[in-house]
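All remarks here apply to the structure that follows.
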Amino acid sequence: MSETPSAGKPPVLPAASADITAPLVGMLRQEMPHVFTDGRVDFEKLKATLGASTEEGKERYGLTWAGKAEAFRNVQSVSTGTLAPMPSESVDWDTTGNAIIEGDNLEVLKLLQRPYHGKVKMIYIDPPYNTGNEFIYPDNFREGLADYLRYSGQVSEEGFAQSTNKDTSGRYHSNWLSMMYPRLFLARNLLREDGVIFVSIDDHEVHNLRHLMDEVFGEENFVANLIWEKGRKNDAKLVSVGHEYMLVYARSMLALKANKTIWREEKPGAKDIWDEYLRLREIHAKNDRAIESALAAWYAGLPRTHPAKKWSRYKRVDSNGPWRDRDISWPGGGGPSYNVLHPTTKKPCRVPEGGWRYADPSEMQRQIKLGMVEFRKDHTEPPFRKAHIRPAFVELKDEADPTDEGEEDSEFATQVRGSYFYKQSQVAVRELRSLLGDKYFDNPKDHDEIGRLMEYMSPSDTNAIILDFFAGSGTTAQAVLELNAKDGGNRKFILVQLPEKTDKHKFPTIAHITRERVRRVIAKLADAEKATAEAPKQGTIPLSSSHTPVEAASSKPDLGFRAFRLSASNFHVWDTAAASDGAALAKQIELSADNVRPDAAREDLLYELILRAGLPPSAIVEKISLPDAGGQAAKEAYDVNCGDLLVCVETAMTAALMRALVARKPKRLVCLDKAFAGDDAAKTNALLEAQSHDVLFYTA
């Protein structure tokens, strides 16, 4: 986390984003020290160690393009930027854990490496589709933060241009790949071992994206290529292309297998069937046959498009609810054969051709005792299994207590998703237009479908972090917020959006649209929560028109976000390139003597130091007052994450203030280097004071 300190001086917080290359080289040095010569990797030795011949030809299968080497250098270069807080653009700033960041996502991803490395459960992105006029990028990829600051108007410089990716440039695909490669590389670092990334794309680049994802994530971690059908266009000349793709990759398929991960989703309409069953049970009490008859009539009366219609096979009823029959043979055949006596004839039932599904006869008897096996008229046919619309209801029964009828639970019959699904695109267009009052954004993604993917991938991980660094109109945030309202979860979102110019006076950039959409979704959900609190007997929270009412969440949901803006550092960063001559070098030395920019706001300094310390911008911050000399003048400091970090941005440090800071016994303490006014003895004394209280002390 820190630079190497001088003897007797506190270490200095790093001034740039994490160097992703150094840890990799360190691991290689630890495992293979013999491949290093004069402190550098000897690649000939490395190839020999790995069993590769140094005389092999260079021709091999792979993806390459003009500018790939430069794209990889963009991965390795660090960012000296920061995230400036925008409280006035935020909602519930003090308590929320969500973040919306305005800025170039490559620079932002670099800044997020320390606080979020290996912590993100799901990434969903909908990048530019490279149709020739939607993909905006800097003419000069190398300058990074400097390019962005000019583009966003934070600094002015004549002659800076932004270009669309016209195919006449001769690098139509190459420019798109150069844009995507470093972003995907950095995004992979942020995923948990069991994390997953979903990338929407169309026909223009799906073939290249598949190769690119194979290279960055490893082709062994490919999960699926989903096809999203959005509707037919009858004005097409040849074929109506109404679908898009969604490439799905795991951070580690080995981790998913080790965790025995299985993805399933609730069958649409299952809850409707259960609710009708409960209604009929109140009417007919224990008369299962009467309930079956009434349930059959209910199925028959449903509209053809009702989601429960396709599950009308759940027409039989017992004390555990509606059920349908399932095969009781061993999957794939070759199962065990043993005697299962028919309860009436007392003779062994016919063994199914594939053998019994249960390997152990005792497990078969347990299933029979639970009422999960249905016998036929006699022993000449095998029995079958019961599959209930609410299997968790059955599993929660207490075998030791025959009067226990199970507990209420939210799990219903589930299904695995197919690789193809249909959802008309105009649904999302109409909903966003209704939310914003007009059409301000073209082709928004459907938040219900993105929410379904989140729930499908990890229904029990309700504290997951979800990242979208091509945020657009903010679809991913709405999906997270509404899913939390549905199941009482505490998922957090991080959105990143370039302030791309629009022709809308009300929303001058897309980043403005992003924030406003999320604000309106939050207001809508807050109104629903308030209505529910005022009518607790109803116990429902209406979400959107496409959601059914759900049980009210027991805890207060996070209906807020912190807004940030990518900006230049609040500190003068040593610029090696600018120190090429005597006058420039003298200027750099002068700036380093007082490294805090004169226009730096206290809150901006605070959040830059939070990032430098490796904590997220959503960290909980408490402003505290501390006594200075004689206990007279109050000085300010910031307690971050309940004692994890204490930040003091006072520009003058005294012994009394230092004692007051370390007396709080934070894990780490950061103060401005300029606060010591170049007094090395004072810094040494401050370090000793911190060490005496077991506090890690840094300067910036």
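Fair warning: this is a prediction, and the values are worked out from it, not measured in the lab.
- With values rounded to the nearest 0.5 angstrom, T82 atom OG1 is found 10.0 Å from R565 atom CZ.
- Judged by distance alone, the side chains of S178 and E70 never bring a donor and an acceptor atom under 3.5 Å apart.
- Annotation: side chain of R515 is in contact with side chain of M86 (closest heavy-atom distance under 4.5 Å).
- K683 and D673 are joined by a salt bridge, as a carboxylate oxygen and a charged side-chain nitrogen come within less than 4.0 angstrom of each other.
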I'd like to know whether D604 forms a salt bridge (Lys or Arg N to Asp or Glu O under 4.0 Å) with R597, so could you lay out the CA-CA distance, the side-chain angles of the two residues, the decisive distance to 0.1 Å, and finally the verdict.
CA-CA 11 Å; D604 292 349; R597 294 184 182 275; over 6 Å; no
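- Between E636 and R602 there is a salt bridge, since a side-chain N of the basic residue sits under 4.0 Å from a carboxylate O of the acidic one.
- By the 30° and 60° cut-offs, the orientation of the rings of W93 relative to F564 is tilted.
- Within the model, atoms NZ of K110 and CG of N189 stand 12.0 Å from one another, a figure rounded to the nearest 0.5 Å.
- When only modelled atom types and interatomic distance are considered, S79 and E107 share a side-chain donor-acceptor pair under 3.5 Å.
- The heavy-atom pair separating L609 from L672 by the smallest distance is CD1-CD2, 4.4 Å.
- Taking each heavy atom of R612 and S569 in turn, the nearest pair found is NH2-OG, 3.8 Å.
- To the nearest 0.5 Å, the span separating CG on D461 from CE on M122 amounts to 12.0 Å.
- Under the side chain to side chain contact (heavy atoms under 4.5 Å, CB included) rule, T476 has a single partner from I494, L495, I125, L467, which is L495.
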Worked verdict on V108 versus F469 for side chain to side chain contact (heavy atoms under 4.5 Å, CB included)
CA-CA 9 Å; V108 173; F469 52 89; over 6 Å; no
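- In plain terms, the two heavy atoms of E603 and P87 that are nearest each other are OE1-CG, 3.4 Å.
- Relative to the six-membered ring of F470, R183 misses at least one condition, a distance below 6.0 Å or an angle of at most 45° to the axis.
- Annotation: cation-pi pair R210/F222 present, NZ/CZ under 6.0 Å from the ring centroid and within 45° of its normal.
- Within a 6.0 Å sphere centred on CD of E219, heavy atoms belonging to other residues, nucleotides or ligands number 12 at most.
- Across T699 and P10, no two heavy atoms sit closer than the pair CG2-CG, 3.6 Å.
- Every residue meeting the side-chain contact (heavy atoms from CB on, under 4.5 Å) condition with V41, not counting sequence neighbours, appears here in chain and number order: L28, F36, F43, L46.
- When each of N484, T96, N490 is checked for a side chain to side chain donor-acceptor pair (under 3.5 Å) with D558, only T96 meets the rule.
- In this structure, F561 and F493 have tilted ring planes: the angle between them lies in the 30° to 60° band.
- In this structure, P499 and A511 approach most closely via the heavy-atom pair CA-CB, 4.1 Å.
- What you find for P666 and L661 is that their closest heavy atoms are CD-O, 3.8 Å.
- Here OH of Y116 is found 10.0 Å from CG of L190. Values are rounded to the nearest 0.5 Å.
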Apply side chain to side chain contact (heavy atoms under 4.5 Å, CB included) to the pair D194 and T261, showing each step before the final yes or no.
CA-CA 9 Å; D194 62 346; T261 301; 5.7 Å; no
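- Taking NZ of K121 as the reference point, atom CG of N463 lies at 12.5 Å (rounded to 0.5 Å).
- Among residues two or more places apart in sequence or in another chain, the side-chain contact (heavy atoms from CB on, under 4.5 Å) test is passed with R188 by V216, F217, R251.
- Remark: S200 engages Y124, D126, Y129, M246, K445 in a side-chain contact (heavy atoms from CB on, under 4.5 Å) (not counting sequence neighbours).
- From M180, atom CE reaches atom CG of L106 across 11.5 Å, with rounding to the nearest 0.5 Å.
- Applying the 6.0 Å contact sphere to NZ of K501 captures more than 12 heavy atoms from other residues, nucleotides or ligands.
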